[in-house]
There are 2 protein chains.
Amino acid sequence: MTKIADSTVRRLSQYLRFLEEFESLGSETVSSEELAAKGGTTSAQVRKDLSFFGSFGKRGLGYDVPDLKAQLRDILGLKQSYNVVLVGAGKLGGALAQYGGFKDRGFNIVAIYDRDPRRVGERWNAIIVRKDSEIEADLSKSRIEIAIIATPADAAQEIADRLVGAGVRALLNFANVTLAVPDSITVKHVNMALELEALSYALRNRTTERR
Amino acid sequence: MTKIADSTVRRLSQYLRFLEEFESLGSETVSSEELAAKGGTTSAQVRKDLSFFGSFGKRGLGYDVPDLKAQLRDILGLKQSYNVVLVGAGKLGGALAQYGGFKDRGFNIVAIYDRDPRRVGERWNAIIVRKDSEIEADLSKSRIEIAIIATPADAAQEIADRLVGAGVRALLNFANVTLAVPDSITVKHVNMALELEALSYALRNRTTERR
DNA sequence: GGATGTGAATGTCTTCACAGCT
DNA sequence: AGCTGTGAAGACATTCACATCC
């Protein structure tokens, strides 16, 4: 299999969500044009994205909604569900713990850790916050592939190292630092301040820009 | 000015953060190679990114840290501060309201709105949650360019329309919907579930992939 | 007829490599 | 000598356009 661009994967993920919308509206079939319109892209882009993985449509007709949905879930690895641990029980951690969008997609937060003894023992949405020092022992018992880091920036690298040491293979990092991890580990970084800075740049330069 | 790629702007924003780290470590000068190492990119990339905006370095020496910092802040439009409104006072809204990373960069959350009467009147970090119906009147008094949407998905488009109607020019959207806005409006979308799906894809496909 | 799937063309971004300053 | 700044080359991503098939 040839390397698929990150941008392609992200669009596939969007298409999946759009398909759910089409399904709930009762559409049985959808065209690349309709999918493109929802996502602000082009029909050629949609077809090209899908073509890396196979031929899922019927010429003259479009794509069968439930079928394409299943194919995308398969491509994205969403036929299984994932147990996920969350480190950092601050405001952001709390927001993430209760966020429905994760569960809906099969990402179950099964444990929350924090370093602060005042937070340990708190109950977040049926999960009790545990001491971060338990991470190693807990993960040695149950295989966890994905962890979410929502700690302060200065703790994030240490937590990342320990999670990786405990067998985690993918990290979603909300702390505002670039994490150094082995090549075999996948990291996605959500940097909210950076998004605002990009908005600031756009505000400043829109007049002189195209598009 | 020629169109600058989004990826370039995002890297500039990172360089700025790295410069602050170098400064706090006492470095007066930094090379493109050092900046690149922090961000997992290449020195050529750093120099090319900067070259779109001018020549800020000294050959044989590198870049003066405070000087480049100032230049980047100027490029990104961060010499001014921004008043920002936040719509949605749920868990995520609360987390965003207290998040220090915004203030540090000159983004001040000056008002929070919610539709739920039970939340209206709550105090978040010295700001009292206001009824969303006040948005129009409030924004007609003070010019607000940036708004953050942290509402449930089904309310986000309506809120976006109203914010844009009230003069907002840039939106940071945390709701899991693609917002339709006029071309003149800039939107950045933070989609946390999508990031997890990208991790899922990576976990599933790493063995067959390069890099 | 109508929409897909896909080579080819185009456009964009990144990397190379070296001339040019300091 | 050392590191920047930058055209040119290369890699990658998107768009075009049309043959193909339902």
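We name chains A, B, ... by the order of the sequence lines, and we start the count at 1 in each one.
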Exercise for the section: Using a strict 4.0 Å threshold on nitrogen-to-oxygen distance, state whether D6(A) and K188(A) make a salt bridge. Expected result: yes
Handout entry: With sequence neighbours excluded, residues passing ring-ring contact (aromatic ring centres under 6.0 Å, His included) with F22(B)
Key = none
Practice task
Can you measure from OH (Y63(A)) to CG (L19(A)) and round to the nearest 0.5 angstrom?
Solution key: 10.5 Å
Problem - Interatomic distance, F102(B) atom CZ to I146(B) atom CD1 [nearest 0.5 angstrom] - result: 10.5 Å
Handout entry: Presence of Q45(A) side-chain N/O under 4.0 Å of dT15(D) phosphate oxygens OP1/OP2
Key = yes
Practice task
Quickly work out the K3(A) NZ to dC12(D) P distance and round it to whole Å.
Solution key: 9 Å
Problem - Electrostatic pair R10(B):E197(A) at N-O distance under 4.0 angstrom - result: no
Practice task
Look at S7(B) and dC13(C) and indicate whether a side-chain polar atom (N or O) is within less than 4.0 Å of OP1 or OP2.
Solution key: no
Exercise for the section: Indicate for each nucleotide in nucleotides 5-11 of chain C, in 5' to 3' sequence, whether protein heavy atoms under 4.0 Å reach the base (B), only the sugar-phosphate (S), or nothing (-). Expected result: BBBB---
Fill in the blank from the handout: Assign each of D6(A) and L61(B) the nucleotide of DNA chain D bearing its closest heavy atom; nearer the 5' end lies the nucleotide of L61(B)
Practice task
Measure from CG on D49(B) to P on dT12(C) and round the result to the nearest Å.
Solution key: 17 Å
Practice task
To the nearest Å, give me how far apart CZ (F52(B)) and P (dT4(D)) are.
Solution key: 16 Å
Exercise for the section: Calculate the interatomic distance between R10(A) atom CZ and dT14(D) atom C1'; express it in whole Å. Expected result: 17 Å
Problem - Members of residues 20-38 of chain B that approach DNA chain C, where some heavy atom sits under 4.0 Å away - result: none
Handout entry: Flag side-chain contact, heavy atom, 4.5 Å: R17(B) against T178(A)
Key = yes
Fill in the blank from the handout: To the nearest 0.5 Å, atom CG of N176(B) lies from atom CG of L194(B) at 8.0 Å
Problem - Distance, rounded to the nearest Å, where D64(B) contributes CG and dC3(D) contributes P - result: 16 Å
Exercise for the section: Measure the spacing between CZ of F56(A) and CD of Q71(A) and express it to the nearest 0.5 Å. Expected result: 4.5 Å
Exercise for the section: Return the value, rounded to whole Å, for the distance between atom CD of Q71(A) and atom C1' of dT4(C). Expected result: 15 Å
Handout entry: Heavy-atom closest contact (V168(B) atom, I185(B) atom, distance)
Key = O-CD1, 3.5 Å
